[in-house]
Structure formats: structure tokens, C-alpha cells
> 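So that we are looking at the same thing, I have put the structure below in C-alpha cells.
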Amino acid sequence: MSILWVILGFTLLVIGGEFLVRSSVALSFKFSISKMVIGMTVVSFATSAPELLVSLQAALSGSPAIAINNVVGSNIANIGLVLGITAMVGTIAVDKSFYKLNWPVMMVFSIVLYYFLKNDNVLTAIEGGILFIGLILFLYILIRSARKDTTVEKVDESLAVVSNFKIILWLAIGATALYFGSEWLVEGSKEIARSVGVSEAVIGVSLIAIGTSVPELAASVIAAAKQEKAISLGNLIGSNIFNIASVLGLTAMVKPITVTEPQILSNDIFWMLGFSFILIPIIFLPKRLQISRAKGFFLVFAYGAFMFLIFTRG
């Protein structure tokens, strides 16, 4: 029965995320917000909603290990699984903003998160607030620098003429699906963890993390297959930044997150830092500013090794 709850939870998260993105973009058009700002802020927040709801649900139901490792695992999955598979479908070109802004900011947020957790084994409301303020600052810099760039993320312009009734309906469907999806996914995953004898941290960094990364994986592979440039390395890095700053930041502001599983700080978070760091040598060696199929295969292989070690450790 717990597997059924997990499957239903995944399904509702995908449906809820899609409806929330569409309603958010349509609502943004109503307020005459530019496509550039919609793409960088509204869509990013909306696509982080599954992670946010799952982490909030986990923290409030007494499973802080799932709340933290949902984000840690999602960030690893975004690079190892999503980016790796996308590169295997078609070579990804990397623009200079990656190593000038996006990658350094992702590394700073990742290291700051590690420091906050290692310091006292708690992510407090104040620390969550600091992460969220950092995100606002990053978005401000990102939007200012993007004004000089003509390659703005694509936003579906047909959503500009959607009726108010449809927007409200989509919002209601999205919010309801995300709420029940997160609840069923967390509860089902906790049952599976108990039945197979693994910790909630392991389930959070694997099963739940992959589940909340499914929308990004689907979108990235479809875009790569169509040879579209809309899905870039910057989008995935931005997702990782949002996961740390908005998902954990906002969750900690609602309820401080305690580190209950020691392997989160002794093992899992170092994998996240490692996957983040290795992107620099990958994009420069041997061919500059490209993630080839071979590099994509390496990332997926490394992710497979991570999953194997997670489930075979004592």
C-alpha cells in the first residue's frame, strides 16, 4: 500500500507542479511582468514548489531528515541524473554566465548550508532567513545582468490571454495536487523506509529526491530531443540555488530543521558539494564550454555509484 501512496504522490506532484507553473505565468502576464522576469523568478519558484511542499510536510510531521535530504538529493539528481541524461541525448553548450555567476553562487549557497548545519546541527529560522535574503539578492543581480542578454528563457505567450476563472481553477488544482501529493509521498516513503529497514535520510536522498526532480528531467530530455536551447545548464544550477535558498530557507523559517541523521553531514552533503564542484573541470576539459555525451555518461555513472553506496552502507 505504501508503494501505491508513493506513486500517487509522485503523480500529483507532477500534475500540481505543471498547473502551478501555468497559472503563475498567466497571472504574471495579467500584472504586465516581463517575460524575462517571469522566466527567472515566477517559473523557478513554481518548479521548486514540489520540493518546498515535501520538505515542509516532512519537517512539520517530525521527519527533518527527509526535509534536508530531499534538497540535498534533488541537487545531486539535477546534476548527476537530469544533466547527465540530457547531455547523453544531445551535447549541451555552456555560456560564460555559468562560471561567472551561477556556479560560484551555487557553491557559496551549498557551503553556507553546510556551515549552518554543521555549526549546531540545526537550520534555524534566522539562518533560513539569511538564505532567502541571499536568494533575493542573487535574483536582483541575475535580472540586471540578463537585461544585456537576448537569450531569455522561453515563456509560453499563449498564457497571456487566459481568463481569470481558468487561472483560479489552475491555482486551485495545482495547490490541492501539491498538498496531497507531498503528504502521500512523505507518508508512503516513511512506510517504505520502515519496511525495508533503511533510514528516512536514505529515502529522502534517493526515492523522494528523484521524485521531485522528475518534472525537470522530463522537461530537459524533451527539450534536448527537440534540440531546443530553452533548457540550459543555467536553469538546472538555478534550480539547485532555489532548492537551498527557498525550499530549505522558507521551511526553516516556518519550523527550524534539526539534523537527526549523522550521515547527512558526514556523507550526503559532501556528495552534493562534489557533484557541484566537478562541473568546472567537466565544462573546461577536454573541450571548453561543452557537456558532451561522454561527459553526460560520466555524470550518470557517478550518480549510479552514489545510489549504490547509499543503499549498501551500513
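Positions are given from 1 along the sequence.
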> Is there a path of hydrophobic side-chain contacts, each under 4.5 Å between heavy atoms of I/L/V/M/F/W/Y residues, joining Phe308 to Val202?
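Looking at the clustering, Phe308 is in the same group as Val202.
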> What is the minimum heavy-atom distance between Ser206 and Met307, and which atoms define it?
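Taking every non-hydrogen atom into account, CB-CE, 3.3 Å.
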> How close do Lys295 and Gln290 get, heavy atom to heavy atom, and via which atoms?
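In terms of heavy atoms, the two residues are closest at NZ-O, 2.8 Å.
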> Please report the closest heavy-atom contact between Phe297 and Met88, naming both atoms and the distance.
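Closest approach of Phe297 to Met88: N-CG, 3.6 Å.
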> Counting C-beta onward and ignoring hydrogens, is there a side-chain heavy-atom pair between Phe298 and Ile278 closer than 4.5 Å?
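The answer is yes, as the side chains (C-beta and beyond) meet within the 4.5 Å cut-off.
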> Is there side-chain contact between Ile269 and Ile68, with heavy atoms separated by less than 4.5 Å?
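Contact flag for Ile269/Ile68 side chains = no.
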> Would Leu60 and Thr251 satisfy side chain to side chain contact (heavy atoms under 4.5 Å, CB included), going step by step from the backbone distance to the final call?
CA-CA 9 Å; Leu60 293 173; Thr251 301; over 6 Å; no
> For a side-chain contact (heavy atoms from CB on, under 4.5 Å) with Val71, tell me which candidate from Leu248, Leu52, Asn240 qualifies.
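Of the listed residues Leu248, Leu52, Asn240, the side-chain contact (heavy atoms from CB on, under 4.5 Å) partner of Val71 is Leu248.
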> Side-chain contact, heavy-atom cut-off 4.5 Å: Leu101 with Ile141?
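Sidechains of Ile141 and Leu101: in contact.
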> Is the distance from the ring center of Tyr99 to that of Phe284 below 6.0 Å?
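Ring-ring flag for Tyr99/Phe284: true, centres closer than 6.0 Å.
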> Walk me through it: do Ile257 and Leu117 pass the test side chain to side chain contact (heavy atoms under 4.5 Å, CB included)?
CA-CA 9 Å; Ile257 307 170; Leu117 293 174; 5.8 Å; no
> So for atom CZ, which belongs to Phe311, do other residues, nucleotides or ligands contribute more than 12 heavy atoms lying within a distance under 6.0 Å?
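Yes, CZ of Phe311 has more than 12 neighbouring heavy atoms, counting only those of other groups under 6.0 Å.
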> Check whether Ile15 and Ile168 end up in the same hydrophobic cluster, where Ile, Leu, Val, Met, Phe, Trp and Tyr are linked by side-chain heavy atoms less than 4.5 Å apart.
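No, separate clusters.
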> Mind listing the closest non-hydrogen atom pair of Asn78 and Ser239 along with its distance?
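Heavy atoms only, the tightest pair is ND2-OG, 3.3 Å.
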> Aromatic rings Tyr303 and Phe275: how do their planes relate, parallel, tilted or perpendicular, breaks at 30° and 60°?
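Plane angle over 60°, so perpendicular.
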> Could you tell me if Ser55 and Asn70 have a donor-acceptor pair between their side chains, going purely by distance under 3.5 Å?
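Judged by distance alone, the side chains do pair up.
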> Going only through I, L, V, M, F, W and Y residues with side-chain contacts under 4.5 Å, is there a path from Ile133 to Ile130?
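Not linked; separate clusters.
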> Is the shortest side-chain heavy-atom distance between Leu131 and Phe116 below 4.5 Å?
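The answer is yes; the side chains approach within 4.5 Å.
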> Quick one: closest heavy-atom pair of Ala201 and Ile264, and the distance?
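Distance-wise, the nearest heavy atoms are CB-CG1, 4.2 Å.
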> Within the 4.5 Å heavy-atom criterion, are Gln263 and Ser199 side-chain neighbours or not?
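Result yes, sub-4.5 Å side-chain heavy-atom pair found.
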> Using the rule given for side chain to side chain contact (heavy atoms under 4.5 Å, CB included), can you reason through Ile291 versus Thr91, listing the C-alpha separation, both sets of side-chain angles and the distance that settles it, and then say yes or no?
CA-CA 6 Å; Ile291 300 179; Thr91 299; 5.9 Å; no
> Can you hop from Leu265 to Met107 via hydrophobic side chains spaced under 4.5 Å?
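Yes, Leu265 connects to Met107 through the hydrophobic network.
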> Evaluate side chain to side chain contact (heavy atoms under 4.5 Å, CB included) for Leu279 paired with Ile237, printing each intermediate quantity in order.
CA-CA 10 Å; Leu279 284 176; Ile237 299 307; 3.6 Å; yes
> What heavy-atom pair brings Ser110 and Leu273 nearest, and what distance separates the two atoms?
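So the minimum-distance heavy-atom pair works out to CB-CD2, 3.5 Å.
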> Decide yes or no for Glu127 and Thr124: does some side-chain heavy atom of the first lie under 4.5 Å from some side-chain heavy atom of the second?
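With C-beta onward as the side chain, the pair touches.
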> Taking the side chain as C-beta and beyond, is there a heavy-atom pair between Leu113 and Phe109 under 4.5 Å?
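Counting from C-beta outward, Leu113 and Phe109 never come under 4.5 Å.
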> Heavy atoms, side chains only, cut-off 4.5 Å: are Phe242 and Leu135 in contact?
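Yes. Closest side-chain heavy atoms under 4.5 Å.
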